[in-house]
Amino acid sequence: MTQYAPIEDHGIIGDLHSVALITQHGEIDWYCCPRFDSPSVFGAILDSEKGGSFQICPVDDDIRTKQLYLPDTNVLITRFLSDQGVGEVIDFMPVGSAEEDRHRIVRVVQCVRGHMHFRLNCTPRFNYGRTEHELHIDSHGAVFETDELKLALDSPIDLTEDQGGVEAYFTLEPGDRRTFVLERIPDQGHSARPFPEEVCQHLFTGTVDYWRRWLNQCTYRGRWRETVRRSALVLKLLCYRPTGAIVAAPTTSLPEGIGGERNWDYRYTWIRDASFTLYAFLKLGFTEEARDFMAFLKARALEQHSSNAGPLQIMYGIDGRHELEEFELDDLEGYRQSRPVRVGNGAAGQLQLDIYGELINSIYLYDKRGEPIDYELWKVVVELLDWLMVNWDSKDEGIWEVRGGQQHFTYSRLMSWIAFDRALRIAQTRGFPCPRIAWRETRDAIFEQIMTRGYSKDRQAFVQVLDGDVLDASTLMMVMGHFVSPNDPLMVSTLNAIRDELVTDSLVYRYNPELAADDGLSGEEGTFSICSFWWVEALARAGNLEEARLAFEKMHTYANHLGLYSEEIGPSGESLGNFPQAFTHLSLVSAALYLDRALDNHRARVR
């Protein structure tokens with residue numbers, strides 16, 4: 001097995017259409033063009049031999065590396081330090097430029113001190129390594145061409161062919177700078193071209209200005225300012241600007257357990273993320289992103305269709321498409337031999353009743369904190385609840401998208417309760433017509449069912465499935481969803497049970513796979529970072545501020561060197577799962593906002 005960079009050893013840049021992951025050794029080992037969900041151009045993170053990559057790094061031995069972001073931006077700086085000198089690679093993707101459809105990756109290489117010998121190797125492998133390409137080299141760089149995609153590497157130095165890619169060696173002295181630009185080019189009549197230094201500087205300045213202007217909208221000024229602002233920048237990178245969608249993560253098939261089969265494609269938009277996304281953006285002051293995402297959600301709600309999985313899908317393509325056929329790339333070995341590598345997501349056709357609560361809660365939040373919703377959208381809400389009134393008491397695959405059979409999941413009941421509760425609140429505030437009596441009766445019936453069948457007297461806790469006895473961290477959402485008071489004895493005992501069984505230090509497992517509902521998969525998984533941040537917020541809401549703050553601070557130690565989180569944390573603190581994950585950063589923001597306010601209120605009372 002060839003060496004793979006740890007998942008946490010990556011930084012990320014992007015242009016609101018796609019992203020590139022870059023290791024601390026200057027290697028782009030994941031990049032899809034022109035969109036998040038396009039086939040990969042560089043995919044060495046999933047197969048170091050066949051995937052392709054673009055690396056610029058020193059050839060000298062004993063190189064130490066550091067990575068940081070240019071403050072308040074998504075411009076990544078990779079530093080190389082040695083006894084001979086110090087060099088840097090500055091990576092960014094221009095945002096808002098006149099030629100945005102080029103999806104440029106700009107790589108500026110410079111020497112800061114001493115001298116440094118660099119090697120460049122650019123070896124694209126199109127369509128997940130399945131499509132051969134033609135290579136043309138001239139005095140201005142190289143062109144990599146397939147029938148579907150044509151890329152040019154604009155280079156200020158001569159390139160030579162190397163196994164279908166190109167390479168170059170060059171030496172820089174203090175003050176020297178070389179800029180390389182990889183860009184998508186039109187189908188016909190274009191080749192590599194020289195990029196004057198003033199043009200590159202203009203792209204750099206424009207990109208820096210864009211990110212800093214955007215971040216200046218952030219209204220958070222609390223204790224964890226830098227952490228929250230970095231999470232906001234990550235979330236913005238995961239937005240697909242043409243539609244307002246946000247991907248769950250920009251990668252596919254990074255494993256939840258090394259060598260296991262729990263490898264999924266997250267380059268799509270989950271309805272479940274809706275309320276968290278809108279809450280985070282609205283609370284941080286980013287109203288435009290909230291408005292764009294609300295428009296995406298409204299469009300999906302208006303497209304509702306009849307199927308066994310209900311009128312809404314649990315996820316959609318970033319362009320709003322419904323078909324997300326799942327297939328496996330058998331030729332790729334997977335990250336550290338973690339097969340299979342999957343494209344598409346078969347869970348899109350599952351029945352997950354919780355999405356109706358998440359969608360309607362997001363509409364409620366937007367109506368309350370964003371802009372008043374229109375009557376057209378309200379009529380859609382009524383139609384969705386007409387369906388949910390008939391189907392809320394059904395089995396489904398639940399929040400964790402199990403593939404081992406449907407169950408009566410408590411979390412699905414919780415979110416169905418939220419769907420009716422939030423709709424009633426909107427109707428009361430706005431005066432919209434609705435079947436209030438029927439909705440109240442349904443809401444109350446769900447409440448009674450959760451209290452009588454979702455709580456186990458033997459376990460002294462709310463449990464994963466009705467009449468069951470297995471703990472599940474998703475029940476923490478009962479507190480954040482205002483279903484029960486955090487100080488209700490039933491919730492207090494649930495927190496105690498979760499602490500005893502699912503919490504290890506500050507990390508939280510979503511459930512015990514050996515005891516929980518069969519998810520149809522083998523292999524182990526790490527702790528789920530979203531559950532860890534749910535734990536922090538639930539503790540804070542229950543008044544356990546010291547415990548909550550310590551758990552939150554400890555979670556910071558599991559971020560990577562740039563403040564980025566994957567989906568899960570492994571037993572040695574390593575990142576597992578797709579990276580970076582939006583849901584984790586959304587839950588971080590939510591926990592930080594509440595904990596910060598709770599600590600301020602506590603301090604005011606103590607005084």
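We're numbering straight along the sequence, starting at 1.
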Q: For a quick check under 3.5 Å, do Glu8 and Tyr565 share a side-chain donor-acceptor pair by atom type?
A: no
Q: Any donor and acceptor pair, going by atom type alone, linking the side chain of Glu525 with main-chain N or O of Gly257 inside 3.5 Å?
A: no
Q: Roughly how far, to the nearest 0.5 Å, is the CG atom of Leu215 from the CG atom of Asp72?
A: 5.0 Å
Q: Strictly distance-based, threshold 3.5 Å: is any side-chain N or O of Thr277 a donor or acceptor partner for the main-chain N or O of Asp273?
A: yes
Q: Would you find more than 12 non-hydrogen atoms of other residues, nucleotides or ligands less than 6.0 Å from Gln163 atom CD?
A: no
Q: Please determine, by modelled atom types, if Glu289 and Trp214 share a side-chain donor-acceptor pair under 3.5 angstrom.
A: yes
Q: When you measure from the side chain of Asp265 to the backbone of Gly344, do you find a donor-acceptor pair of N or O atoms at a distance under 3.5 Å?
A: yes
Q: Main chain of Ala44, side chain of Asp29: is a donor-acceptor contact present, judged purely on distance under 3.5 Å?
A: no
Q: If the test is ring-ring contact (aromatic ring centres under 6.0 Å, His included), which one of Phe528, Phe533, Phe276 qualifies with Phe583?
A: Phe276
Q: Restricting to non-hydrogen atoms, name the atom on Ala192 and the atom on Ala142 that form the minimum distance, rounded to 0.1 Å.
A: CB-N, 3.8 Å
Q: Is there side-chain contact between Ser529 and Glu568, with heavy atoms separated by less than 4.5 Å?
A: no
Q: Minimum heavy-atom separation for Gly11 and Leu564, please, with both atom names.
A: CA-CD1, 4.4 Å
Q: If you compare all heavy atoms of Ile314 against all heavy atoms of Ala347, which two are closest, and at what distance to 0.1 Å?
A: CD1-O, 3.1 Å
Q: On the six-membered ring of Tyr69, is Arg230 placed so that its NZ or CZ lies under 6.0 angstrom from the centre and within 45° of the ring axis?
A: yes
Q: Carefully, step by step, assess Asn263 and Ser338 under the rule side chain to side chain donor-acceptor pair (under 3.5 Å).
A: CA-CA 8 Å; Asn263 318 318; Ser338 302; 5.3 Å; no
Q: So, Arg213 versus Asn216: side-chain donor-acceptor pair below 3.5 Å or not?
A: no
Q: Yes or no on side chain to side chain donor-acceptor pair (under 3.5 Å) for His133 and Glu145, after CA distance, side-chain angles and deciding distance?
A: CA-CA 5 Å; His133 66 271; Glu145 184 174 358; over 6 Å; no
Q: Testing the 3.5 Å rule here: is there a donor-acceptor pair between the side chains of His10 and Gln24?
A: no
Q: Is any side-chain heavy atom of Tyr220 less than 4.5 Å from a side-chain heavy atom of Arg229?
A: no
Q: Does the side chain to side chain donor-acceptor pair (under 3.5 Å) test come out yes or no for Asp15 and His103, once each step is laid out?
A: CA-CA 7 Å; Asp15 65 353; His103 304 293; 2.9 Å; yes
Q: Does the Arg221 side chain pair with the main chain of Cys218, one donor and one acceptor, at a distance under 3.5 Å?
A: yes
Q: Could you measure the distance from the CG atom of Asn121 to the CD1 atom of Ile56? Nearest 0.5 Å is fine.
A: 10.0 Å
Q: Nearest 0.5 Å, please: how far is CD1 in Ile90 from CZ in Arg79?
A: 9.5 Å
Q: Hey, what do you get for OH (Tyr364) to CD1 (Ile373), rounding to the nearest 0.5 Å?
A: 12.0 Å
Q: May I ask you to say whether Arg35 pairs ionically with Asp319, meaning some side-chain N is under 4.0 Å from a carboxylate O?
A: yes
Q: Would you say that Cys33 contacts Arg184 through its side chain, given a criterion of any heavy-atom pair below 4.5 Å between the two side chains?
A: yes
Q: When the ring planes of Phe296 and Phe293 are compared, do they come out parallel, tilted or perpendicular, using 30° and 60° as the limits?
A: parallel
Q: So, do Tyr316 and Tyr268 have ring centers that fall under 6.0 Å from each other?
A: no
Q: Counting only N and O atoms by type, is there a donor-acceptor contact under 3.5 Å from the side chain of Thr205 to the main-chain atoms of Gln201?
A: yes
Q: Quick one: are Leu377 and Asp374 in side-chain contact, heavy atoms under 4.5 Å?
A: yes
Q: State, with a plain yes or no, whether a side-chain heavy atom of Ile271 is found less than 4.5 Å away from one of Met315.
A: no
Q: Looking only at atom types and distance, does a side-chain atom of Ser53 sit under 3.5 Å from a main-chain N or O of Gln55, one as donor and one as acceptor?
A: no
Q: How about Asp162: does its CG atom have over 12 heavy atoms from other parts shown lying under 6.0 Å from it?
A: yes
Q: Salt-bridged, Arg193 to Glu183, with N to O below 4.0 Å?
A: yes
Q: Tyr240 vs His17 aromatic rings, parallel, tilted or perpendicular, using cut-offs 30° and 60°?
A: perpendicular
Q: Find out whether Asn560 and Phe579 are in side-chain contact, i.e. whether some heavy atom of one side chain is under 4.5 Å from a heavy atom of the other.
A: yes
Q: In Å, rounded to the nearest 0.5 Å, how long is the span from CE of Met294 to CG of Leu365?
A: 10.0 Å
Q: Does a side-chain heavy-atom distance below 4.5 Å link Leu182 with Phe42?
A: yes
Q: Under 4.0 Å between a side-chain nitrogen and a carboxylate oxygen: does that hold for Arg339 and Glu333?
A: no
Q: Taking the six-membered ring for Trp, are Tyr335 and Tyr4 closer than 6.0 Å centroid to centroid?
A: yes
Q: Please answer whether the main-chain N or O of Leu351 pairs with a side-chain N or O of Glu397 as donor and acceptor at a distance below 3.5 Å.
A: yes
Q: Would Arg107 pass as a cation-pi partner of Phe54, given that its NZ or CZ must be under 6.0 Å from the six-membered ring centre and within 45 degrees of the axis?
A: yes
Q: Is there a donor-acceptor pair under 3.5 Å between the side chain of Gln581 and the backbone N or O of Thr584?
A: yes
Q: Could you check if a side-chain atom of Val108 sits within less than 4.5 angstrom of a side-chain atom of Arg177, using non-hydrogen atoms only?
A: yes
Q: Could you state the interatomic distance from CZ (Phe281) to CD (Glu288), rounded to the nearest 0.5 Å?
A: 10.5 Å
Q: May I ask you to decide whether Arg272 forms a salt bridge with Glu401, counting only side-chain N to carboxylate O separations under 4.0 Å?
A: yes
Q: With a sphere of 6.0 Å drawn around NE2 of His202, does it hold more than 12 non-hydrogen atoms of other residues, nucleotides or ligands?
A: no
Q: May I ask you to say whether Arg321 pairs ionically with Asp37, meaning some side-chain N is under 4.0 Å from a carboxylate O?
A: yes
Q: Just by modelled atom types, is the Arg342 backbone N or O under 3.5 Å from a matching donor or acceptor in the Ser253 side chain?
A: yes
Q: Quiz question: by atom type and distance under 3.5 Å, do the side chains of Gln313 and Arg300 form a donor-acceptor pair?
A: no
